Amino acid sequence: MSENVVHLHKHANPPAEPAAVDTAPTVLTVVPDAPPVRPVPLWVRSGRAVKTAVTHERTRSAGRAVVRHGLYTFNGGRIAARRAWDGRTGSRYERMIRAAEAAGNLEAAEEWEERLQRFRAARHHRRMDLLHSPVDAAKGVAVGAGMSVGVLVALGVVLAISTGQAADVVTPLTATIDFIALLIRIVQIVWGPAVTIGPFLALLALWSVGRKQHAAPQWALPANVRNGEGEPITPSIVVKALRDLGVPALARAIKEMGDAGASMLGPITIAGCGVEVDVTLPSGVSTNEVQSKRRKLAENLTRHEHEVFITIPQAARTVRLWIADSGALDEPIGPSPLVTDETMTADYKKGKAPWGQDLRGDAAALSLYQRHLLITGLSNQGKTVALRSLALWLALDRSVEFLIGDLKGVGDWAMFDGLATTLIQGPTDEHVIQVTEMVESAVDEMNRRIQAPPGTTFPALIVLVDEAQMAFMCPAKDEDKRPYGGSKANSRYFMAVRKIHNQGRAVNVLMWQGTQDPTNENLPKLVREGAHTRASLALGTESQARMALGDKAVDGGAAPNLLRPGLDRGTLVVASDGITIPAGQSSITVRTHYIDDDAAKAITDRAKALRDGVTTLHAIEHEEEHDALADIAAVIGDATRVRTKDVLARLATRNAGAYGEWSFIDLKRVLDDAGAEPYKSDGVMVVSRDRVARALANRDTDGSASAE
């Protein structure tokens with residue numbers, strides 16, 4: 001049986017009697033009414049409106065404007081009073097004396113003290129003159145008035161004689177009196193408005209002074225001033241930035257100097273898209289304290305961190321600041337001269353490659369003569385383009401030969417097909433093996449050149465490996481269990497690079513490498529320190545920057561780890577004696593020209609036209625294996641013994657490629673290892689047929705094989 005529930009509200013009429021009677025019992029419950037909706041009081045609505053009005057942007061802007069302009073006037077008065085006080089007293093000279101003493105410049109302090117004494121003497125002389133000036137002025141007025149009246153009367157006499165009228169004698173005097181009366185009348189008319197308007201003009205002048213000096217809190221200034229957009233770098237701005245740097249000794253010294261802290265600064269000179277200034281730090285402040293606060297200094301100068309560079313010049317206790325114009329470093333530089341000048345050629349020995357621009361906007365050119373090269377950086381920062389642009393310029397010297405290994409293998413170096421002697425492209429271990437053998441062939445060429453007669457000159461051979469970290473990290477091993485990668489003494493790639501670094505420069509065999517973010521695993525210390533020119537794009541940490549450029553460059557201010565990945569693509573820090581670096585600095589920042597693939601192909605086409613034609617190998621061709629001991633037995637034939645000189649000649653005739661450059665040492669090494677040593681007979685060295693045959697028989701019995 002179900003129940004019927006009827007809800008009765010208080011103060012409500014009961015429901016009408018149902019037409020049909022339900023047999024189910026009815027349960028009556030009483031539910032209170034919902035509270036009535038009351039209107040919001042007026043004072044609450046007014047408070048909300050006031051709060052909204054206060055937080056509205058237009059209201060806040062108006063409030064900032066009122067505060068700003070009021071403080072412009074007030075602080076303008078303070079500035080004007082300070083200037084007037086400086087002009088009337090010797091406080092300015094006293095501040096300069098304190099500044100010179102704080103900087104330890106006693107000669108400048110003595111000079112300012114002499115100027116202060118001269119100022120005080122001149123001021124005393126003026127004050128003594130003021131004691132006598134009233135009497136002298138009264139005498140001067142009396143004498144002047146008497147002379148003026150005499151002149152006017154004389155002029156009237158002349159006028160009376162001319163006109164024949166005796167009354168004209170006083171005409172000049174009365175005319176002068178009337179003129180003076182007119183001037184007094186004009187002053188009476190103007191004086192009232194001048195007295196009324198004068199204070200407003202004075203306030204306007206004070207407001208103008210405060211406005212020019214931005215004499216208001218930072219939060220009250222206009223947005224463009226707060227952001228520093230277009231704000232020029234002045235001595236006062238640099239001094240304030242240094243004062244607020246958070247170095248206690250520096251802040252105290254500047255505070256003692258007052259506004260004369262600008263004495264620390266050298267001339268602010270325009271340098272490309274920014275300005276440059278040398279700052280001589282006061283005693284007790286080291287240069288690394290300023291270097292370590294680069295970001296804060298940049299923000300104090302209303303610049304981004306990447307727009308301020310701090311380097312250490314030769315002068316002691318001095319830092320050199322280069323401050324870019326706001327946003328200037330985000331603007332691209334112009335195209336490369338390699339693209340715009342189709343007649344350009346290269347000179348490996350005397351020329352310099354046009355690489356880009358330095359921060360001052362000057363052309364940055366790099367000499368490549370007898371310098372090993374290393375370029376590092378994070379992935380996708382322009383490393384390959386920067387490395388390729390140097391190779392493109394050098395390709396315009398027809399005497400230069402290239403061996404190129406591209407371990408990325410995406411076609412960045414494809415335009416060198418038909419220009420390079422060897423071009424290996426690919427990321428696999430097999431490609432690393434091929435590149436390693438390519439570098440080892442360059443070592444053989446280097447050794448051949450070293451053994452040439454003294455004075456022999458050789459053309460440049462550039463051994464270029466892009467993405468070299470792939471070679472150092474390759475796990476593959478050869479048949480003798482020697483690893484291709486790694487940094488141990490048995491690493492084939494590592495040792496080949498080290499040999500070129502050690503001796504290649506003297507015979508113009510040069511090693512160029514490009515690698516991603518350097519570590520001890522993918523770029524061993526001995527290899528990176530063997531490069532004469534080291535350059536780095538954006539990196540992640542200071543430790544990587546030290547690996548890329550060396551401790552000296554980083555301690556001198558080089559900071560590729562502070563470049564912005566992606567935004568500073570193509571900007572690199574260079575440490576090399578092949579590029580012009582400002583005196584006292586250990587590195588220079590270069591914004592490289594971007595040369596795309598199409599432009600690079602056009603340049604290589606011009607380079608190919610300078611050559612007679614180059615057949616490019618895409619793999620290292622292995623020579624056929626030969627058995628040196630068996631070949632020696634063959635050339636001896638049936639003779640009992642043969643002179644070593646004749647054996648060498650017969651071997652060269654049999655296989656010139658294998659034995660054409662053999663010497664007695666090579667022959668003796670093979671025979672000694674086999675136990676068939678050459679010996680003297682009748683005063684000459686000979687090779688015994690029986691000894692060689694016995695060595696062959698013993699070797700075959702042991703199941704060994706000797707291949708050279």
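Here the structure is a predicted model, which is why all the values come from computation and not from measurement.
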A.B. asks: Side chains of Pro483 and Lys488: closer than 4.5 Å at any heavy-atom pair?
C.D. replies: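 Result no, sub-4.5 Å side-chain heavy-atom pair not found.
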A.B. asks: Could you check whether Asn561 and Arg546, counting side-chain N and O atoms only, form a donor-acceptor pair closer than 3.5 Å?
C.D. replies: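 Note: Arg546 and Asn561 side chains miss the donor-acceptor criterion.
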A.B. asks: Does any N or O in the side chain of Asp429 come within less than 3.5 Å of the main-chain N or O of Ala476, such that one atom is a donor and the other an acceptor?
C.D. replies: no
A.B. asks: Answer with yes or no whether the side chains of Asp690 and Ser688 bring together a donor and an acceptor at under 3.5 Å.
C.D. replies: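 Side-chain D/A pair, Ser688 to Asp690: absent.
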A.B. asks: Let me know which of Thr376, Asp517, Asn522, Thr515 forms a side-chain hydrogen bond (donor to acceptor under 3.5 Å, both in side chains) with Gln469.
C.D. replies: Thr515
A.B. asks: I'd like to check Phe402 versus Leu394 (side-chain heavy atoms, cut-off strictly below 4.5 Å). Are they in contact?
C.D. replies: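 Result yes, sub-4.5 Å side-chain heavy-atom pair found.
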A.B. asks: Determine whether a donor-acceptor pair (N or O, by modelled atom type, separation under 3.5 Å) exists between the side chain of Thr616 and the backbone of Ala420.
C.D. replies: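 Yes; judged by distance alone, with no hydrogens or angles, the pair exists.
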A.B. asks: Give a yes-or-no answer on whether the side chains of Arg641 and Ser681 include a donor-acceptor pair shorter than 3.5 Å.
C.D. replies: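 Yes.
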A.B. asks: Would you indicate whether the side-chain heavy atoms of Trp512 and Val463 approach each other to under 4.5 Å?
C.D. replies: no
A.B. asks: Can you name the nearest heavy-atom pair linking Pro459 to Ser399, along with the distance?
C.D. replies: CB-O, 3.3 Å
A.B. asks: For the atom pair CG (Leu464) and CH2 (Trp413), what is the distance rounded to the nearest 0.5 Å?
C.D. replies: 4.5 Å
A.B. asks: Grab the two heavy atoms, one from Trp355 and one from Ala386, that are nearest each other, plus how far apart they are.
C.D. replies: NE1-O, 3.1 Å
A.B. asks: Run the salt bridge (charged side-chain N to carboxylate O under 4.0 Å, His left out) check on Arg606 and Glu342 step by step: do they pass?
C.D. replies: CA-CA 8 Å; Arg606 284 158 39 199; Glu342 296 184 356; 5.9 Å; no
A.B. asks: Can you name the closest pair of heavy atoms from Gly530 and His501 and give their distance?
C.D. replies: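 Smallest heavy-atom distance, with atoms named: CA-ND1, 3.6 Å.
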A.B. asks: Can you tell me how far CG of Leu403 sits from CG of Leu510, rounded to the nearest 0.5 angstrom?
C.D. replies: 11.5 Å
A.B. asks: Are the side chain of Asp478 and the backbone of Asp480 linked by a donor-acceptor contact shorter than 3.5 Å?
C.D. replies: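 Side chain of Asp478 to backbone of Asp480: a pair is present.
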A.B. asks: Looking at Ala496 and Glu440, what are the two nearest heavy atoms and their distance?
C.D. replies: CB-CG, 4.0 Å
A.B. asks: With distance as the sole test, does Lys383 use its side chain to make a donor-acceptor pair with the main-chain N or O of Asp466 at under 3.5 Å?
C.D. replies: no
A.B. asks: Could you grab the distance from atom CG of Leu563 to atom CG of Leu378, nearest 0.5 Å is fine?
C.D. replies: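 Output value for this atom pair is 10.0 Å.
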A.B. asks: Does the side chain of Asn502 pick up a donor-acceptor pair with the side chain of Arg498 at under 3.5 Å?
C.D. replies: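 Looking only at side-chain atoms, Arg498 and Asn502 do form a donor-acceptor pair, the distance falling under 3.5 Å.
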A.B. asks: When you compare the side chain of Arg371 with that of Leu368, does any pair of heavy atoms fall below 4.5 Å?
C.D. replies: no
A.B. asks: Just so I know, are the side chains of Ser487 and Phe472 near enough to count as touching, which here means a heavy-atom distance under 4.5 Å?
C.D. replies: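 Ser487 vs Phe472: side chains apart.
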A.B. asks: For the pair His372 and His532, name the ring-plane relationship: parallel under 30°, tilted 30 to 60°, perpendicular over 60°.
C.D. replies: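 Judged by the thresholds at 30° and 60°, the geometry between His372 and His532 is parallel.
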A.B. asks: Any donor and acceptor pair, going by atom type alone, linking the side chain of Arg534 with main-chain N or O of Met547 inside 3.5 Å?
C.D. replies: yes
A.B. asks: Run Val465 and Met511 through side chain to side chain contact (heavy atoms under 4.5 Å, CB included) and show every step you take.
C.D. replies: CA-CA 8 Å; Val465 179; Met511 191 75 208; 3.6 Å; yes
A.B. asks: Does Ser576 reach the main-chain N or O of Thr533 with its side chain, forming a donor-acceptor pair under 3.5 Å?
C.D. replies: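 Checked: no pair found.
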A.B. asks: To the nearest 0.5 Å, tell me how far Arg398 CZ sits from Arg611 CZ.
C.D. replies: 8.0 Å
A.B. asks: Please check this pair: side chain of Ser491 against backbone of Gly485, looking for a donor-acceptor N/O pair closer than 3.5 Å.
C.D. replies: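 Such a contact is found between Ser491 side chain and Gly485 backbone.
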A.B. asks: Gln381 side chain to Gly566 main-chain N or O, any donor-acceptor pair under 3.5 Å?
C.D. replies: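 Yes: the side chain of Gln381 pairs with the backbone of Gly566.
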A.B. asks: How far apart are the closest heavy atoms of Thr428 and His431, and which atoms are they?
C.D. replies: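 That closest heavy-atom pairing would be OG1-ND1, 2.6 Å.
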A.B. asks: Determine whether more than 12 heavy atoms belonging to other residues, nucleotides or ligands lie under 6.0 Å from atom NZ of Lys352.
C.D. replies: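 For Lys352, atom NZ is crowded (more than 12 foreign heavy atoms under 6.0 Å).
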A.B. asks: Checking Asp605 against Lys601 for the salt bridge (charged side-chain N to carboxylate O under 4.0 Å, His left out) test, could you report, in this order, the C-alpha distance in whole Å, the side-chain angles of both residues, the deciding distance, and whether it holds?
C.D. replies: CA-CA 6 Å; Asp605 288 342; Lys601 187 176 185 305; 3.6 Å; yes
A.B. asks: With side-chain hydrogen bond (donor to acceptor under 3.5 Å, both in side chains) as the test, would you mind laying out the steps for Gln370 and Asn508 before giving the verdict?
C.D. replies: CA-CA 6 Å; Gln370 292 188 345; Asn508 289 325; 3.2 Å; yes
A.B. asks: Just wondering, more than 12 heavy atoms not from Lys477 lying within 6.0 Å of its NZ?
C.D. replies: no
A.B. asks: Show your working on side chain to side chain contact (heavy atoms under 4.5 Å, CB included) between Met446 and Val443 and close with a plain yes or no.
C.D. replies: CA-CA 5 Å; Met446 176 189 72; Val443 173; 4.1 Å; yes
A.B. asks: State, yes or no, whether a side-chain contact exists between Val590 and Leu366 at a heavy-atom distance under 4.5 Å.
C.D. replies: no
A.B. asks: Does Glu677 offer a backbone N or O that forms a donor-acceptor pair with the side chain of Arg691 under 3.5 Å?
C.D. replies: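 It does hold such a pair.
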A.B. asks: How far does CG of Asp347 sit from OH of Tyr369, to the nearest 0.5 angstrom?
C.D. replies: 10.5 Å
A.B. asks: If you compare all heavy atoms of Ala353 against all heavy atoms of Leu390, which two are closest, and at what distance to 0.1 Å?
C.D. replies: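 Answer, listing the atom of Ala353 first, then Leu390: CB-CD2, 3.8 Å.
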A.B. asks: Do side-chain atoms of Arg388 reach the backbone of Asp412 as a donor and acceptor pair under 3.5 angstrom?
C.D. replies: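 Pair found, side chain donor or acceptor close to backbone of Asp412.
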A.B. asks: Any side-chain heavy atom of Phe494 within less than 4.5 Å of one from Leu526?
C.D. replies: yes
A.B. asks: Please lay out, stage by stage, how Leu648 and Tyr659 fare under the test side chain to side chain contact (heavy atoms under 4.5 Å, CB included).
C.D. replies: CA-CA 8 Å; Leu648 288 173; Tyr659 307 112; over 6 Å; no
A.B. asks: Is there a side-chain contact between Val642 and Arg689, using heavy atoms and a 4.5 Å cut-off?
C.D. replies: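 Counting from C-beta outward, Val642 and Arg689 never come under 4.5 Å.
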A.B. asks: Are Arg320 and Phe309 in a cation-pi contact, defined as NZ or CZ under 6.0 Å from the six-membered ring centre and within 45° of the axis?
C.D. replies: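 No, Arg320 does not sit over the ring of Phe309.
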A.B. asks: Nearest 0.5 angstrom please: Asn447 CG to Lys499 NZ, how far?
C.D. replies: 7.5 Å
